[in-house]
Amino acid sequence: MRSSWADSVAAAEGAAAGSSVNNGNIGSSARSTYVPPHLRNRPPSSDLPAPGSSGSTSGTDRSGYGAPLGGSRWIGARNDSSRSGYGSGGRGGGWNSRSGSWDRGRDREVNPFGDDDNAEQTIDEEENTGINFDAYEDIPVETSGDNVPPPVNTFAEIDLGEALNENIRRCKYVKPTPVQRHSIPISLAGRDLMACAQTGSGKTAAFCFPIISGIMKDQFVQRRPRGRLVFPLALILSPTRELSIQIHEEARKFAYQTGVKVVVAYGGAPINQQLRDLERGVDILVATPGRLVDLLERARVSLEMIKYLALDEADRMLDMGFEPQIRKIVEQMDMPPPGVRQTMLFSATFPKEIQRLASDFLSKYIFLAVGRVGSSTDLIVQRVEFVHESDKRSHLMDLLHAQKANGVHGKQSLTLVFVETKKGADALEHWLYINGFPATTIHGDRTQQEREHALRSFKSGNTPILVATDVAARGLDIPHVAHVVNFDLPNDIDDYVHRIGRTGRAGKTGLATAFFNENNASLARSLAELMQESNQEVPAWLSRYSARSSYGGGKNRRSGGGRFGGRDFRRDSSFNRGTTDYYSGGSTGYGASGGYSGGYGPGVTSAWD
DNA sequence: AAAAAAT
């Protein structure tokens, strides 16, 4: 259902009871002023530039029933002085029709870049040089599925729209990362996607760009709220609150001045502000599962109009702890089914069993794997040291002292210490603190306020040591983490991959040290393999350990023997024997149809095997 | 066994 401009105005008037109708729907001159009905469907008058092409009367085009724009498919962002001179100039004007007038009472959009007008140059100049692309040359890529759209080499090749291009420029993204080069064309083509790409390689943008551009381009008219029930067009789920916050912050930058509204909802924080944010209008909802379920049950959010579903850290979202909640959200509420909506799953790791679960959510999807085994491999120097349980603290102390002595030039370098338990985190933090190391901690027993404060304090270098449980293992992008210490190793090699991925991001180098002892025997083999694949020096004692502890591949063995970070489970006979022809199409690089034909079955090496 | 995620 599409709502007309008039409907929107009426709704706003009703709800806002005579208050002003805010916003650029009417052109900037009308912002925050009441517009009499007889003037409402007029094209904006004086202060908007002439539309880029003839005949486009963006004022009336907006008015409803999704009439295509006369001139450009792109509804330009609000004309704004800060956009001067970039690209082909602001054509169009005004907002696209999704941002209906029930979006009332919001002041001018806050600039998420914090660089009002032309202060850009001075911000973070030397440290925000963006991604080190040389680090990503010659990265192995595997795609499979029907008719995979070819990758692109530049953002310019992709029709993302002017406003988004401007934001990409402001983010100082010069060219797409490998995962972006491949996944964005796939998503823009409307295809479902399961993507496996290294930590720190730009996955957030990879799913945000197509969503934002799609919402702008396709002119979905957002459904007007029914009472206080709102209808987002895109849903992005993530496994931790802090990750949702981070995705929201990034997405807001990408969506700046596009008219696409991004709202975040997560637990542990007062729900009222989140409800107010939702009432102001939402196109993209970023959420953690629990709070979203709450919102759905309160009938404050409907998934009926969802066009895009993205799961970040998708394998985590579908593991034992989360799967029921995710199924509820995706399958048992009012979300459109696969094939109607577009679904994108992203993670650095993707175990085959989880791929099988995930395939329930997808329709004729493309599998994409970029890079090796999750980690940024060569960029992270991995060390493993044999440390008895009782020696861990003093050993950590030695590391920290050495680091201090080495003297870090420039920005304070940060150390992230992973432990197994929440209590252990508190205990270690306290111990570090009384020993003169400024540390803080983040884990699930702390209040949300404490968690966010800890993260800020760490990021700012105020507390350069952060002791964390796995709540911080995935997705968090913390610049200047020079060292990740696995004080307690995780039980699962994939968790190790995510943890060490907190360093060595965006093409920068990092160090990861693990304390290994007899309690970690079950991890020995997969750890040794992972390190070998990443060209790391594997200590002889670890190799001996792994030889000893291996009887045929336990739970931690990567199926297929590890190596390359992801393989499409549809190509693995043990996962689809005799059943559905999951993998029926052609594939890039693998030619023939039908399973893993062409000699690329398990055990056969290819360039990146 | 642990961690995370709603109140």
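Predicted model only: the values in this text are computed from it and were never measured. Here is how names work: the chains are called A, B, and so on, in the same order as the sequence lines, proteins then strands, and each is numbered from 1.
Note: CG (Leu275(A)) to P (dT7(B)) measures 12 Å, nearest angstrom. Between the CD atom of Gln325(A) and the P atom of dA4(B) there is a distance of 14 Å, rounded to whole Å. Rounded to an integer number of Å, the gap from CE of Met320(A) to P of dA2(B) is 13 Å. Remark: C1' of dA4(B) and CG of Leu292(A) are 16 Å apart, rounded to the nearest angstrom. For Asp492(A) and dA4(B), the CG to C1' distance is 15 Å, given to the nearest whole Å. In this entry the distance linking CG of Asp495(A) with P of dA4(B) reads 12 Å, nearest Å. Rounded to whole Å, atom P of dA4(B) lies 19 Å from atom CG of Asp494(A). Following rounding to the nearest Å, Asp445(A) (CG) and dA2(B) (P) show an atom-to-atom distance of 12 Å.
For the ring-ring contact (aromatic ring centres under 6.0 Å, His included) with His395(A), the qualifying choice from Phe516(A), Phe515(A), Phe386(A) is Phe515(A), the only one to do so.
Base engagement by Gly321(A) is indicated by at least one non-hydrogen atom pair under 4.0 Å involving a base atom. Across all strands, Asp470(A) comes closer than 4.0 Å to no nucleic acid atom at all (heavy-atom distances).
For Arg300(A), the side chain to side chain donor-acceptor pair (under 3.5 Å) partners at least two apart in sequence or on another chain are Glu279(A). Every residue meeting the side chain to side chain contact (heavy atoms under 4.5 Å, CB included) condition with Arg276(A), not counting sequence neighbours, appears here in chain and number order: Asn272(A), Gln273(A). Not counting sequence neighbours, the partners of Lys253(A) by the side chain to side chain contact (heavy atoms under 4.5 Å, CB included) test are Pro112(A), Phe113(A), Cys171(A). Every side chain to side chain contact (heavy atoms under 4.5 Å, CB included) that Met333(A) has, sequence neighbours left out, goes to Leu296(A), Leu303(A), Lys328(A). For His443(A), the side chain to side chain contact (heavy atoms under 4.5 Å, CB included) partners two or more places apart in sequence, or in a different chain, are Lys422(A), Ala425(A), Asp426(A), Thr441(A), Asp445(A), Arg446(A), Thr469(A).
Side-chain rings of Phe367(A) and Phe350(A) stay apart, their centers remaining 6.0 Å or farther from each other.
An OP1 or OP2 oxygen of dA5(B) is reached within less than 4.0 angstrom by a side-chain nitrogen or oxygen of Arg451(A). Listed pair Thr469(A) / dA4(B) meets the phosphate criterion, a side-chain N or O lying under 4.0 Å from OP1 or OP2. A sub-4.0 Å separation between OP1 or OP2 of dA4(B) and a side-chain N or O of Arg316(A) is absent. For Thr288(A), no side-chain nitrogen or oxygen approaches OP1 or OP2 of dA4(B) to under 4.0 Å. Dashed line: the shortest gap from a side-chain N or O of Arg241(A) to OP1 or OP2 of dA6(B) is under 4.0 Å.
Relative to the six-membered ring of Phe569(A), Lys352(A) misses at least one condition, a distance below 6.0 Å or an angle of at most 45° to the axis.
Minimum atom distance to the side chain of Thr240(A) is reached by dA4(B), of the listed dA1(B), dA4(B), dA6(B). Considering only the side chain of Glu242(A), dA5(B) comes nearest among dA5(B), dA3(B), dA6(B).
At a cut-off of 3.5 angstrom, the base of dA2(B) holds no donor-acceptor pair with the side chain of Asn491(A). Under 3.5 Å, the side chain of Arg291(A) and the base of dA5(B) form no donor-acceptor pair of N or O atoms.
Remark: Glu420(A), Thr421(A), Lys422(A) in residues 415-423 of chain A come within less than 4.0 Å of DNA chain B through at least one heavy atom.
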